[in-house]
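Report on the structure given below.
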There are 2 protein chains.
Amino acid sequence: MLHRDYPGQACSIARSLEVIGERWSLLIVRDVMNGNRRFSGIQASLGIARNVLSARLQRLIDEDIIERRAYQESPPRYEYFLTEKGLDLWPALMALMHWGDRYNPGPEGPPMVVVHKGCGGVVSDRGICESCGQILTARDARAAPGPGAAVYDGLPFSPFAARR
Amino acid sequence: MLHRDYPGQACSIARSLEVIGERWSLLIVRDVMNGNRRFSGIQASLGIARNVLSARLQRLIDEDIIERRAYQESPPRYEYFLTEKGLDLWPALMALMHWGDRYNPGPEGPPMVVVHKGCGGVVSDRGICESCGQILTARDARAAPGPGAAVYDGLPFSPFAARR
DNA sequence: CGACTTGGTTGCTTGATGCAACCTTGTGTG
DNA sequence: CACACAAGGTTGCATCAAGCAACCAAGTCG
């Protein structure tokens with residue numbers, strides 16, 4: 001949806017941003033990663049316009065970051081899942097989340113923490129378990145409400161059942 | 001410059017994206033991190049409109065990510081430097097760069113690699129030195145042209161003297 | 001004395017975004 | 001059986017930000 005490529009940019013950061021460096025894409029990926037898999041769920045959680053969400057999902061599907069699967073037919077209803085490529089955005093999300101926690105913290109502390117499924121340890125900005133030191137991937141971790149989660153205004157916390 | 005906040009978003013990823021999740025901001029940070037410190041240098045390197053660059057730099061300064069210092073007076077001339085907060089975006093840049101290298105590689109391989117100043121080892125997507133295993137920060141690393149750097153069309157490679 | 005450099009600002013146009021309304025297929029409810 | 005409601009969109013319109021080009025100002029070079 002970027003109407004202009006980054007000309008002369010051989011940098012991979014630029015190429016990454018062409019795909020996910022846009023107002024909503026990473027937040028959609030985060031939602032899906034956290035188990036919020038349906039159109040209306042994502043729409044409600046982010047407050048994104050429906051047409052824009054539709055366009056973003058289509059773009060993420062085109063880029064093979066998200067996959068759409070029907071969970072019933074007649075009427076057709078869909079869920080969105082991350083592909084491997086999408087799951088591999090996890091380290092970038094961890095880095096951005098920790099940067100936000102550090103420099104723009106909520107009044108009560110981080111609203112969300114990520115924990116290592118294996119040992120329950122907290123995951124660092126590098127996606128490393130602070131308890132056991134293992135270098136993790138998206139599948140090894142799950143999100144959980146943090147100290148600042150109470151600030152969440154009205155909305156119940158998203159379903160964090162990080163299915164597989 | 002986002003004309004709308006992410007309402008009800010307690011997530012730190014959302015808060016980070018409010019600040020740097022925008023078409024150019026991260027690329028500007030990357031340029032400055034790589035030693036491209038002047039207005040016209042950044043403008044030429046990114047091909048960004050001058051008014052937009054001006055607005056972005058001002059926003060990054062307001063957010064305490066970038067600092068502006070005069071390197072001469074009469075006529076006043078400025079250079080831009082990263083603050084600690086700006087330097088701490090390095091892990092996110094590493095993650096995005098490696099994701100791009102992995103999934104949208106240039107024809108010749110990665111255009112840029114990042115190496116550990118201390119031991120010369122290659123830096124991983126987590127900002128860890130693959131030779132010595134140390135967890136690095138922006139100050140421990142420098143960028144260098146990678147195998148795909150030749151593709152860079154015309155422009156000389158930016159000055160990578162990652163000054164302190 | 002005119003051209004060039006750096007570091008911008010101003011105005012205009014275009015295109016992406018937000019918002020609201022509508023559509024379609026099916027299910028629940030009285 | 002009529003009506004409302006839900007999921008998952010599409011369409012149309014208004015607005016706001018981004019791109020582009022021109023201009024400005026202070027100083028320096030030939």
Can you check the [X] [atom1] to [N] [atom2] distance for me, whole Å?
{"X": "Leu57(B)", "N": "dT6(C)", "atom1": "CG", "atom2": "C1'", "answer": "14 Å"}
{"X": "Arg69(A)", "N": "dA7(D)", "atom1": "CZ", "atom2": "P", "answer": "20 Å"}
{"X": "Arg37(B)", "N": "dG7(C)", "atom1": "CZ", "atom2": "P", "answer": "13 Å"}
{"X": "Arg59(A)", "N": "dA16(C)", "atom1": "CZ", "atom2": "C1'", "answer": "13 Å"}
{"X": "Glu22(B)", "N": "dA18(D)", "atom1": "CD", "atom2": "C1'", "answer": "10 Å"}
{"X": "Gln72(A)", "N": "dT24(C)", "atom1": "CD", "atom2": "P", "answer": "19 Å"}
{"X": "Asn36(B)", "N": "dG7(C)", "atom1": "CG", "atom2": "C1'", "answer": "14 Å"}
{"X": "Ile48(A)", "N": "dG9(D)", "atom1": "CD1", "atom2": "P", "answer": "13 Å"}

- Of dT17(C), dG7(C), dG8(D), the nucleotide closest to the side chain of Arg23(A) is dT17(C)
- Nearest listed nucleotide, side chain of Ala49(A), among dG8(D), dT17(C), dC19(C): dC19(C)
For [N], does either OP1 or OP2 sit under 4.0 Å from a side-chain N or O belonging to [X]?
{"X": "Trp24(A)", "N": "dA16(C)", "answer": "no"}
{"X": "Arg68(A)", "N": "dG9(D)", "answer": "yes"}
{"X": "Arg56(A)", "N": "dA16(C)", "answer": "no"}
{"X": "Tyr80(B)", "N": "dG7(C)", "answer": "no"}

Contact list (N/O, under 3.5 angstrom) for nucleotides 9-12 of chain C vs protein:
unit_1	atom_1	unit_2	atom_2	d
dT9(C)	OP2	Ser54(B)	OG	2.6
dG11(C)	O6	Asn51(B)	ND2	3.1

- Pairs where residues 118-131 of chain B contributes a residue and the test side chain to side chain donor-acceptor pair (under 3.5 Å) is met, not counting sequence neighbours: none
- Any donor-acceptor pair under 3.5 Å linking the side chain of Thr83(A) with the backbone of Gly86(A)? yes
- Say whether, by atom type as modelled, one donor and one acceptor occur between the side chain of Ser16(A) and the main chain of Gly100(B) under 3.5 angstrom. yes
- Ranking Arg77(B) and Gly41(A) by the position along DNA chain D of their nearest nucleotide, the one closer to 5' is Gly41(A)
- Side chain proximity check, Tyr71(A) to Arg38(A), heavy atoms < 4.5 angstrom: yes
- Check the pair Thr137(A), Asp140(A) against side chain to side chain donor-acceptor pair (under 3.5 Å), reporting the backbone distance first and the verdict last. CA-CA 5 Å; Thr137(A) 68; Asp140(A) 302 320; 3.3 Å; yes
- Task: Start with the C-alpha distance between Arg77(A) and Phe39(A), add both sets of side-chain angles, then the distance that settles side-chain contact (heavy atoms from CB on, under 4.5 Å), and finish with yes or no.
- Result: CA-CA 9 Å; Arg77(A) 292 289 178 268; Phe39(A) 188 93; over 6 Å; no
- Of Tyr78(B) and Pro76(A), the one whose closest nucleotide on DNA chain C sits nearer the 5' end is Tyr78(B)
- Task: Give the C-alpha distance, both sets of side-chain angles, the deciding distance and a yes or no for salt bridge (Lys or Arg N to Asp or Glu O under 4.0 Å) between Glu22(B) and Arg56(B).
- Result: CA-CA 10 Å; Glu22(B) 172 273 339; Arg56(B) 286 298 157 274; 2.6 Å; yes
